[in-house]
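For reference, the structure is listed below as structure tokens.
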Amino acid sequence: MKISTRAGRIEPFYVMEVAKAASQLAREVANSSRPMIFLNIGEPDFTAPEAVQEAAHKAIRDGATQYTQATGLEPLRERISQWYAQRFGADVPARRIVITAGASAALQLACLALIDAGDEVLMPDPSYPCNRHFVSAAEGNAVLIPTTADERYQLSADKVSQAWTPRTRGVLLASPSNPTGTSIHPDELRRIHEVVKSHDGVTLVDEIYLGLSYDDTYGHTGLAIDDQIISINSFSKYFNMTGWRLGWLVVPDALVPVVERLAQNLFICASTVAQHAALACFEPDSLAVYEQRRSEFKARRDYFIPALEQLGLSVPVQPDGAFYAWADCREWCARLGVQGSWDLAYTLMKESHLAVTPGRDFGTAQTADFLRFSTASSMAHLQEAVARLKALAG
Ligand SMILES: Cc1ncc(COP(=O)(O)O)c(C=O)c1O
């Protein structure tokens with residue numbers, strides 16, 4: 001069957017191959033003394049708090065299951081707006097918030113609303129692979145710009161300025177980033193946005209890890225800088241609701257009807273049950289649970305990263321948010337005689353029953369030298385993972 005050129009332009013998600021192999025092996029070793037430990041998964045090991053679960057049950061019992069407006073339930077847009085004000089001191093009116101089926105749908109809507117065929121969008125290398133594929137799906141071209149540890153693996157205003165061409169439409173950043181857990185300094189984001197504005201471009205910031213920050217310097221929303229910045233967000237990470245498929249997009253006023261029209265046609269609306277449930281995320285008890293879990297994520301980071309470093313897996317930049325460690329594995333590849341992070345990931349899987357993510361999908365510059373570890377796993381699992389790495393290191 002002839003498939004579209006558009007679909008052909010979307011690269012495979014290679015890490016899913018590693019994940020599939022890990023799941024297969026996990027079944028084989030499930031009853032052994034060393035069952036598989038999954039440090040490859042980019043989602044919280046927690047589920048939604050009690051009140052959120054109860055709100056979902058109630059919505060189903062009450063039959064509150066019809067379509068909502070394409071932009072989402074009004075009260076939910078209001079609660080998100082209040083959250084921005086209370087938690088981040090940012091004035092984000094509800095009318096600019098569009099509820100979506102996860103950040104993934106928000107990214108699709110933003111790309112389809114703003115990108116024409118052949119437009120270029122600048123992104124850091126490394127970055128979350130699907131983001132460049134959302135650009136491709138809109139027939140744009142993602143331009144990956146290699147970044148360094150000194151730059152916290154983020155773009156700078158200088159680099160954006162240098163890379164800008166007549167075809168450039170804008171930038172797509174993620175702060176904190178997946179795979180590095182590092183954020184853009186708010187001053188640098190302001191400077192980047194100035195450059196983008198000077199070219200009449202668009203600044204898109206994927207803020208899906210907003211709220212999951214461990215350092216006061218970072219953990220701000222770009223929406224506090226300018227109401228022309230477009231922010232993508234989600235209930236997946238801070239709110240621990242990956243499979244509920246709920247997120248949101250904040251756009252300038254002029255873009256609301258455009259995104260609404262696209263959302264009406266492409267999605268009708270996000271899950272109604274999930275939207276009713278998400279209202280309970282903002283109850284004081286739920287927020288207290290989320291904050292307690294944020295402390296747990298921080299404790300895991302504070303344990304795991306020094307432990308990796310001691311084992312010769314250096315993490316060049318301390319992550320300030322999310323739940324990832326982007327570790328330089330060159331020393332390990334040399335020591336174990338393997339060719340790059342892809343082979344090392346398989347070695348760790350087979351020898352130590354540890355599933356980790358090789359750098360391959362996240363870009364091309366130096367990604368063979370890096371592994372991504374996810375710390376969205378219990379402290380007991382992280383400790384056991386460190387013990388197994390120690391044993392393998394000899
Ligand atoms: C940076 C980034 N953006 C977007 C997504 C997609 O998230 P969602 O579950 O909200 O669609 C992810 C998921 O891991 C991510 O890491």
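Order of listing sets the numbers, starting from 1, for every ligand and every atom in it.
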- Item | Among P176, S236, S175, P129, closest by any non-hydrogen atom to atom 8 (P) of ligand 1 | S236
- Task: Would you check whether K237 reaches within less than 4.0 Å of ligand 1, judged by its heavy atoms?
- Result: yes
- Message: Between Q82 and E78, is there a side-chain donor-acceptor contact under 3.5 Å, judged purely by atom types and distance?
- Response: no
- Pull out every atom of ligand 1 sitting under 4.0 Å from any heavy atom of G102, numbered as shown with elements. 10 (O), 11 (O)
- Message: If we ignore hydrogens and angles and just use 3.5 Å, is the side chain of Q154 paired with the main-chain N or O of T182 as donor and acceptor?
- Response: yes
- Query: Does Y324 reach ligand 1 with a nitrogen or oxygen that is under 3.5 Å from one of the ligand's nitrogen or oxygen atoms?
  - Reply: no
- Message: Checking L114 against L255 for the side-chain contact (heavy atoms from CB on, under 4.5 Å) test, could you report, in this order, the C-alpha distance in whole Å, the side-chain angles of both residues, the deciding distance, and whether it holds?
- Response: CA-CA 9 Å; L114 294 163; L255 214 55; 4.1 Å; yes
- Query: Which class fits the ring pair Y209 and Y324: parallel under 30°, tilted 30 to 60°, perpendicular over 60°?
  - Reply: perpendicular
- Proximal atoms of ligand 1 relative to D206 (non-hydrogen, under 4.0 Å): 1 (C), 2 (C), 3 (N), 4 (C)
- Which is it for Y209 and ligand 1 at heavy atoms under 4.0 Å: side chain, backbone, both or neither? side chain
- Check: F297 ring centre within less than 6.0 Å of F46 ring centre: yes
- Message: Could you identify the single nearest non-hydrogen protein atom to atom 12 (C) of ligand 1 and state the distance to 0.1 Å?
- Response: Y128 CZ, 3.4 Å
- Message: Starting from atom 11 (O) of ligand 1, what is the nearest protein heavy atom, named by residue and atom, and what distance separates them?
- Response: S104 OG, 2.5 Å
- Query: Is R360 close enough and on-axis enough to Y14, meaning under 6.0 Å and within 45°, for cation-pi?
  - Reply: yes
- Message: Can you tell me how the ring of F370 sits relative to the ring of W326, calling it parallel under 30°, perpendicular over 60° and tilted otherwise?
- Response: parallel
- Message: With heavy-atom distances below 4.0 Å as the criterion, list the atoms of ligand 1 near R245.
- Response: 8 (P), 9 (O), 11 (O)
- Does A174 reach ligand 1 with a nitrogen or oxygen that is under 3.5 Å from one of the ligand's nitrogen or oxygen atoms? no
- Item | For E260, the option from V251, T71, N265, V98 that meets side-chain contact (heavy atoms from CB on, under 4.5 Å) | T71
- Item | Nearest-contact summary for atom 7 (O) of ligand 1 - protein heavy atom, Å | I208 CD1, 3.1 Å
